[in-house]
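Okay, structure first, notes after.
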Amino acid sequence: METFQSLLGRKLSDALAKAGLPEAADVTPATDPRFGDYQTNAALVLAKQRGEKPRDVAEKIIAHLKVSDVSEMPTVAGAGFINFTLRAESIAQKALEILADDRLGVARSTSPKKIVIDFGSPNVAKPMHVGHIRSTVLGDALARIAQFLGHEIVRDNHIGDWGTQFGMVIWGWKNLLDRPALERDPIGEIVRIYKETNERSTSDPTVREACRQELVKLQSGDPKNFSIWKQCVELSMQDFERIYGLLDIHYDIQRSESFYNDRLPNVVERLLKSGIAEISEGAVCVFFRDIPELADKPCIIRKRDGGFNYATTDVATVDYRINDLKSDTIWLVVGAPQILHFKQIFAIARREGYTADFRHITFGSILGEDRKLMKTRSGENVPLRDLLDEAVQRARKIIEKKNPDLSETEKIDIAQKIGIGAVKYYDLSQYRMTDYVFSWDRMLSLQGNTAPYLQNAYVRVRSIFRKAGAPAGKIDKLILREVAEINLAKRLCQFAEVVPQVLNDFRPNILANYLFELANSFHAFYEACPVLKSEEPVRASRLALSELTGRVMLRGLDLLGIKVPEKM
RNA sequence: GCGCCCGUAGCUCAGCCGGAUAGAGCAACGGAUUUCUAAUCCGUAGGUCGAGUGUUCGAGUCACUCCGGGCGCGCCA
């Protein structure tokens with residue numbers, strides 16, 4: 001199924017060819033309803049190239065445009081814009097087609113890729129905290145959207161389970177561990193011993209040295225240390241799983257850092273042999289003398305003491321994802337501070353001859369009300385678990401007040417969907433690069449661009465169908481007479497234009513904004529156009545519009561990883 | 001010092017490849033409800049897009065300079 005935008009774009013190309021003009025600009029959604037539904041500035045672009053008057057060029061293009069089957073007569077406006085206004089019958093027809101389509105009109109990508117998406121990436125022995133929200137939620141949404149568009153997706157959780165911190169964790173385990181506390185709250189206890197050891201080692205060189213020794217023993221395969229490490233990993237993974245369960249996040253694979261251990265010596269050897277790496281001050285480094293911005297920033301892949309670091313692991317990870325997983329595209333949803341690091345990794349990969357499409361997808365920070373990085377009152381990272389629990393509790397309180405008659409099981413279910421949805425949507429509805437201020441009141445508000453507002457639109461649809469007692473029947477004609485009906489139908493047709501756009505620059509907020517506008521259009525329709533009380537055939541038509549709204553909302557929110565309740 | 005990101009209404013934010021008179025939401029003010037869930041809708045008011053210069057028929061968007069904030073820059077991850 002073709003969108004109006006693509007259809008008009010094609011017809012524009014035909015017209016340009018017939019008018020003997022070269023390809024110029026695309027057809028885009030109109031910038032303002034005054035100008036109709038779609039517009040093109042092709043005439044402006046061509047007039048400039050050819051030194052002609054824009055409006056004359058526009059007239060010439062219009063003379064060859066054959067769009068009467070979808071659009072009213074195109075008009076020239078302003079400096080030389082060509083405006084298209086869709087015909088109500090075309091909108092009705094398109095909406096009907098979408099109604100009959102499982103994919104709601106969204107086309108599959110014409111060039112499907114195999115994409116490894118690396119997101120989340122928590123660290124073992126450290127609790128997940130607010131800082132993990134953006135990578136996790138953004139990565140998951142991108143994975144869902146890319147998958148829906150027909151790409152083959154591998155969601156990979158690159159868990160940090162092999163860092164230097166394990167020297168400290170193991171030393172702490174051996175010297176400070178409180179067994180009963182470990183039984184009660186494993187992660188809390190591991191974090192406690194890690195923190196305390198960290199403090200001791202900064203003030204006491206002998207502790208620091210002992211930790212280093214524990215790390216060396218671990219890395220050389222000492223059974224005792226390995227077993228402690230293993231237990232920490234397992235306990236942490238259980239903790240992660242609980243949070244992923246709450247968030248409804250699912251990975252296809254979880255290749256932790258330690259997975260790459262035995263590949264690291266080969267990586268360094270290979271890079272040395274090929275001349276990409278060289279020895280400098282005892283360390284093995286890769287220099288980028290021909291890349292100005294990296295010229296004075298070498299990448300160390302083996303430390304002077306012979307140890308490997310995260311750059312080595314990341315080079316091995318690239319190998320694995322391309323050679324073993326056979327991917328042609330790699331997306332890394334990792335914070336902006338690592339931009340330089342990934343530039344180096346990508347540069348190394350290119351020197352090795354890899355042609356895969358690498359994207360480092362960065363994002364801004366989450367700030368507290370004080371506009372500084374969000375922390376607890378005592379200055380620590382806010383544990384993600386606590387934050388999500390609070391979201392659900394706050395949602396529960398609102399439900400309790402607004403709709404106290406719901407059953408206990410319903411309340412529990414709805415509170416989860418609203419609370420978790422609110423946190424996710426608040427994140428995804430904003431441009432990923434902006435730092436945003438975390439605010440419970442704003443994200444849980446029933447008004448404005450929030451998850452609860454969108455969920456409410458869906459709930460209203462469901463409510464209509466509960467009252468109707470039956471799903472919308474099959475119809476062969478939509479009746480679009482009221483402005484609110486036409487606007488809603490147009491909006492529904494745009495879903496297929498919006499979804500693929502998200503991947504242009506990894507902006508789920510484009511989809512979020514669309515869903516907000518859809519909810520808006522639906523609420524306006526709901527106010528202006530009674531559904532159940534209207535006479536046939538208007539009633540059936542409005543039921544169909546309602547059903548389609550519900551389906552688009554459900555699918556759209558699902559692509560963002562957000563669930564919808566039936567009541568709220 | 002070098003590099004990256006951000007700066008848009010009182011507040012929180014949209015504005016993808018440069019396009020028409022810069023848009024929402026919140027808060028403020030004024031209306032609509034014996035409801036298909038008012039958890040909503042309609043309206044009013046609110047702006048030198050951090051500052052400046054340049055490119056262009058056209059700049060919030062591109063280039064350069066400056067100001068302000070955040071982050072990064074050989075053996076942590």
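Residue numbers start from 1 in every chain, and the chains themselves are labelled A, B, ... in the order their sequence lines are given, proteins ahead of strands.
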Residues in side-chain hydrogen bond (donor to acceptor under 3.5 Å, both in side chains) with A:Thr202, at least two apart? none
Pairwise P distance, B:A27 and B:U40 [rounded to whole Å]: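 About 10 Å, rounded to a whole number of Å.
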What interatomic distance, in whole Å, is found between P of B:U12 and the corresponding atom of B:U55? 36 Å
Write down the atom of A:Asn123, the atom of A:His132, and the distance for their closest heavy-atom approach. N-NE2, 4.5 Å
Sub-6.0 Å ring centroid separation between A:Phe342 and A:Phe358: no
Using a cut-off of strictly less than 4.0 Å, decide whether A:Tyr436 has a side-chain nitrogen or oxygen near OP1 or OP2 of B:C11.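 No, outside the criterion.
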Any N/O pairs under 3.5 Å between the protein and nucleotides 16-18 of chain B? List them or say none.
| from | atom 1 | to | atom 2 | distance (Å) |
| --- | --- | --- | --- | --- |
| B:C16 | O2 | A:Gln501 | NE2 | 3.1 |
| B:C16 | N3 | A:Gln501 | NE2 | 3.1 |

Expected list for residues 364-374 of chain A near RNA chain B, using heavy atoms below 4.0 Å, is A:Arg371
What does [X] touch in the nucleic acid at a heavy-atom separation under 4.0 angstrom: a base, only the sugar-phosphate, or nothing?
X	result
A:Asn509	sugar-phosphate
A:Val531	base
A:Ile339	sugar-phosphate
A:Lys467	sugar-phosphate
A:Tyr431	sugar-phosphate

A:Tyr260 and A:Tyr320 aromatic ring geometry - parallel, tilted or perpendicular at 30°/60° bounds: perpendicular
Check ion pair [X]-[Y] (N to O, under 4.0 angstrom):
X	Y	result
A:Arg396	A:Glu400	yes
A:Glu547	A:Arg551	yes
A:Asp505	A:Arg432	yes
A:Arg34	A:Asp32	yes

Which is it for B:G54, anti or syn, if anything within 90° of zero counts as syn? anti
Nucleic acid footprint by protein, nucleotides 20-30 of chain B - heavy-atom cut-off 4.0 Å, B for base, S for sugar-phosphate alone: B---SSS----
B/S/- along nucleotides 72-77 of chain B (protein heavy atoms under 4.0 Å) is SSBBSB
Secondary-structure stems, RNA chain B, at least 3 Watson-Crick or G-U base pairs under 3.5 Å: B:1-7 with B:67-73, B:10-13 with B:23-26, B:28-32 with B:40-44, B:50-54 with B:62-66
Checking side-chain contact (heavy atoms from CB on, under 4.5 Å) for the pair A:Phe259/A:Thr317: CA distance, chi angles, key distance, verdict? CA-CA 9 Å; A:Phe259 172 82; A:Thr317 305; over 6 Å; no
Cut-off 3.5 Å, side chains only: do A:Asn309 and A:Thr312 have a donor facing an acceptor?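 A donor-acceptor contact under 3.5 Å links the two side chains.
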